[in-house]
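Worth knowing before you read on, the calculation uses all heavy atoms, side chains too, and leaves out hydrogens, waters and symmetry mates. What you see is a predicted model, and the numbers here were worked out from it, not measured in a lab. We name chains A, B, ... by the order of the sequence lines, and we start the count at 1 in each one.
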Amino acid sequence: MENDATARILAAIRAIPRGRVAGYGEVARRAGLPGRARMVARLLSGNDDPALPWHRVLRSDGRIAFPPDSDAFTEQSARLRAEGVWVEGGRVRGQRAAATLDQQLWGGVD
DNA sequence: TCTATGACTTGCG
DNA sequence: CCGCAAGCCATAG
């Protein structure tokens with residue numbers, strides 16, 4: 001059974017619009033759990049929900065959280081590109097996953 | 001209780 | 001751009 005924290009994190013991840021990305025720290029913050037980026041990561045590592053847009057969750061610097069030679073990396077970048085996200089060199093271009101421009105991501109800018 | 005580990009973050013050089 | 005150190009949080013042994 002999930003806790004509120006878990007549910008909120010999952011909700012925050014599901015709330016990421018298609019073609020958009022967010023950082024672990026951002027998701028945690030959005031879930032009301034600042035500083036729990038690692039918890040978000042741990043959740044994703046054990047998630048079993050195929051409908052969860054885990055591929056939209058990136059590191060704070062906009063990089064994919066997997067080594068470039070891993071399967072997960074390939075799949076994630078492929079999924080992102082399929083959504084129209086510009087991925088290059090294992091990094092997402094065109095938008096910011098960091099909290100510095102949270103307004104751009106969640107503040108209502110589209 | 002303590003240590004180790006991890007899909008993390010930030011800062012310094 | 002790259003590597004390293006310190007911080008931080010939850011779980012496992």
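The CZ atom of A:Arg59 sits 14 Å away from the P atom of B:dG6 (whole-angstrom rounding). Atom pair A:Arg42:CZ and B:dT9:C1' shows a separation of 18 Å (rounding to whole Å applied). Between the CG atom of A:Leu43 and the C1' atom of B:dA7 there is a distance of 11 Å, given to the nearest Å. Rounding to whole angstrom units, CG of residue A:Leu44 and C1' of C:dA10 are separated by 14 Å. For A:Arg8 and C:dA10, the CZ to P distance is 12 Å, given to the nearest whole Å. Distance, A:Tyr24 OH to B:dG6 P: 15 Å, rounded to whole Å. Rounded to whole Å, atom C1' of C:dA10 lies 10 Å from atom CD1 of A:Ile9. When rounded to the nearest whole Å, the span between CZ of A:Arg63 and C1' of B:dT9 equals 15 Å.
With respect to the salt-bridge test (charged N to carboxylate O, under 4.0 angstrom), the residues A:Arg56 and A:Glu83 qualify. A:Arg30 has no carboxylate O lying under 4.0 Å from a charged side-chain N of A:Glu26, or vice versa, which leaves the two without a salt bridge. A salt bridge does not link A:Asp61 with A:Arg91: none of the charged nitrogens is closer than 4.0 Å to a carboxylate oxygen.
Distances shown here put a side-chain N or O of A:Ser60 below 4.0 Å from the OP1 or OP2 atom of B:dT9.
Counting heavy atoms from C-beta on, the side chains of A:Thr6 and A:Met39 come closer than 4.5 Å.
Distance noted for atom C1' between B:dA7 and C:dG13: 22 Å (whole Å). Nucleotides C:dC8 and B:dG6 have their C1' atoms positioned 12 Å apart, rounded to a whole Å.
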- Determine, step by step, whether A:Val40 and A:Leu33 satisfy the side chain to side chain contact (heavy atoms under 4.5 Å, CB included) criterion, reporting the C-alpha distance in whole Å, the side-chain angles of both residues, the deciding distance to 0.1 Å, and the verdict. CA-CA 10 Å; A:Val40 176; A:Leu33 305 164; over 6 Å; no
- Query: Could you go step by step and tell me if A:Val27 and A:Ile9 meet the side chain to side chain contact (heavy atoms under 4.5 Å, CB included) rule?
  - Reply: CA-CA 7 Å; A:Val27 170; A:Ile9 292 175; 4.2 Å; yes
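Contact check of residues 65-72 of chain A against DNA chain B (heavy atom, cut-off under 4.0 Å) returns A:Ala65, A:Phe66.
Checked against side chain to side chain contact (heavy atoms under 4.5 Å, CB included), A:Pro67 has the following partners two or more places apart in sequence or in another chain: A:Asp69, A:Ser70.
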Check the interface with nucleotides 5-9 of chain C: list each N/O to N/O pair with the protein under 3.5 Å, or write none.
{"residue": "C:dC8", "atom": "O2", "partner": "A:Arg38", "partner atom": "NH1", "Å": "3.2"}
{"residue": "C:dC8", "atom": "N3", "partner": "A:Arg38", "partner atom": "NH1", "Å": "2.8"}

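No donor-acceptor pair under 3.5 Å is formed between the side chain of A:Asn3 and the backbone N or O of A:Ala5.
Atom CD of A:Glu75 and atom CD1 of A:Ile64 lie 11.0 Å apart (nearest 0.5 Å).
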